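Have a look at the structure below, then the notes.
Computed from a predicted structure; not experimentally measured. In what follows, chains are A, B, ... by sequence order, proteins preceding strands, each numbered from 1.
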Protein chains: 2
Amino acid sequence: MNARSAEEFEAQLRAIGEQRYHHLHPFNERMHAGTLSEEEFRGWVRNRFYYQVNLPVKDAFILTKLPGRDDRRRWIQRIIDHDGRTGDEGGIERWIGLGEAVGLTRQELLDGESVLPGVRFAVDAYVDFCRTRPWLESVASALTELFAPDLLSKRISDVERHYPWIASEGLEYFRARLTQQPKDIAHLLELVIENATTREQQDACMRALEFKCDVLWSLLDAVQLEYSKS
Amino acid sequence: MNARSAEEFEAQLRAIGEQRYHHLHPFNERMHAGTLSEEEFRGWVRNRFYYQVNLPVKDAFILTKLPGRDDRRRWIQRIIDHDGRTGDEGGIERWIGLGEAVGLTRQELLDGESVLPGVRFAVDAYVDFCRTRPWLESVASALTELFAPDLLSKRISDVERHYPWIASEGLEYFRARLTQQPKDIAHLLELVIENATTREQQDACMRALEFKCDVLWSLLDAVQLEYSKS
């Protein structure tokens with residue numbers, strides 16, 4: 001079959017997000033509806049931290065395989081956004097700030113001892129995908145970023161409204177992502193749409209995005225199963 | 001056997017460089033003595049470029065496996081030093097400047113078609129070492145940096161003296177490395193000496209350094225065999 005046009009390809013990528021992104025997960029819907037208990041919220045923050053600390057690792061794997069310097073120059077910013085260069089910069093540090101705002105300690109986050117097996121398996125599978133797959137598919141697995149800005153801005157306002165016990169400074173991670181992500185998304189779409197030139201490559205990118213939706217979904221499944229016991 | 005003291009371990013690492021670093025290679029000795037022909041000099045610049053463009057790749061592999069954020073924050077500077085962030089920044093661009101100063105074009109350097117098989121095998125083996133080995137050994141393979149500053153400052157003055165046909169701006173790569181390398185070396189020694197706490201780990205680090213000396217030596221072997229035909 002012929003390759004899809006760029007417009008059709010992007011529309012199909014966006015359709016995957018509309019159907020499978022974790023904004024639809026019941027645990028996420030409850031977060032936005034304001035019905036999570038403090039323990040459920042903490043459980044999410046604690047476990048999602050394992051995802052956060054692995055983002056610079058998966059991005060470094062992508063860095064090893066990008067076609068050349070110019071793409072590395074742009075992609076490396078993602079690692080810097082998460083790690084920071086110094087002091088309290090970076091998304092990992094800001095997530096620790098969220099953890100402290102919900103009553104966790106820096107040390108228990110960094111120890112990661114209470115990370116659930118299902119979360120660990122999902123996140124490790126994501127890192128391994130970026131380690132082993134061709135660069136185009138590894139890059140395409142980040143396409144969930146297309147759907148993040150809408151969710152992030154909704155999350156900031158809903159969490160502020162429904163969870164007054166969480167200090168507003170704790171939400172700096174989400175605010176920073178809102179300003180960092182537009183340039184990431186532009187680079188990502190450019191890389192995927194310009195380089196997936198055959199139907200097969202486009203299909204592989206769509207499967208990569210579905211896989212990544214599954215990673216995020218499984219993470220919430222594991223958290224819900226553990227912390228939302230009735 | 002017991003682990004070596006830090007002083008003894010560092011002394012043995014330095015002894016490896018004194019015996020096996022490529023400053024002793026006949027081709028390098030001829031470069032410094034001023035007896036390389038223009039074609040020999042160009043052959044070296046053209047082939048060594050393949051090593052240069054692979055440095056950010058091997059450093060990204062090391063980034064994927066370092067123990068945590070604080071070491072990644074320091075190690076990522078190596079990638080930035082080679083790739084630059086924008087415009088004509090970075091070691092790859094400066095090496096292209098050296099190439100142009102010796103009469104090569106940017107395009108033939110980037111195409112890399114005339115890279116010798118022996119050079120390719122040696123450099124690919126280095127990248128693969130950093131891809132597959134434990135982080136401590138991958139890091140230790142960079143220990144040849146301990147011996148670079150002496151060679152670099154000698155190279156700048158000897159090349160300026162003996163090869164007046166090479167414009168002095170062409171040597172910017174070497175000048176930049178002289179200022180970049182001291183902080184790299186400090187981090188490297190800290191990582192290796194503090195983390196190689198058993199005799200076996202120290203031995204593995206020494207083998208990694210020997211391996212890396214072999215990579216650099218083989219590169220010059222291949223260049224010499226091709227370009228120094230009598």
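Contact count versus chain A (heavy atoms, under 4.5 Å) is highest, among B:Gln77, B:Arg74, B:Lys58, for B:Gln77. The residue among A:Arg131, A:Glu93, A:His82 with the most heavy atom pairs within less than 4.5 Å of chain B is A:Glu93. Contacts with chain A were tallied for B:Ile79, B:Ile76, B:Leu63, B:Leu110; B:Ile76 has the most, counting heavy-atom pairs under 4.5 Å. The residue among B:Val57, B:Leu66, B:Asp59 with the most heavy atom pairs within less than 4.5 Å of chain A is B:Val57. Annotation: maximal heavy-atom pairing with chain B below 4.5 Å, among A:Gly90, A:Ala60, A:Gly68, occurs at A:Ala60.
In this structure, B:Phe174 has its ring center closer than 6.0 angstrom to the ring center of B:Trp95.
Between A:Ser114 and A:Arg46, the side chains place a donor N or O and an acceptor N or O closer than 3.5 Å (distance only, hydrogens not considered).
The environment of A:Asp111 atom CG is dense: over 12 non-hydrogen atoms of other residues, nucleotides or ligands sit within 6.0 angstrom.
Applying the ring pair (Phe, Tyr, Trp, His ring centres under 6.0 Å) test to B:Trp135 and every residue at least two apart in sequence or in another chain returns nothing.
Cation-pi check for A:Arg72 over A:Trp75 is not met; the charged atom does not lie both under 6.0 angstrom from the ring centroid and within 45 degrees of its normal.
Neither the backbone nor the side chain of A:Val127 comes within contact range of chain B; no heavy atoms are under 4.5 Å apart.
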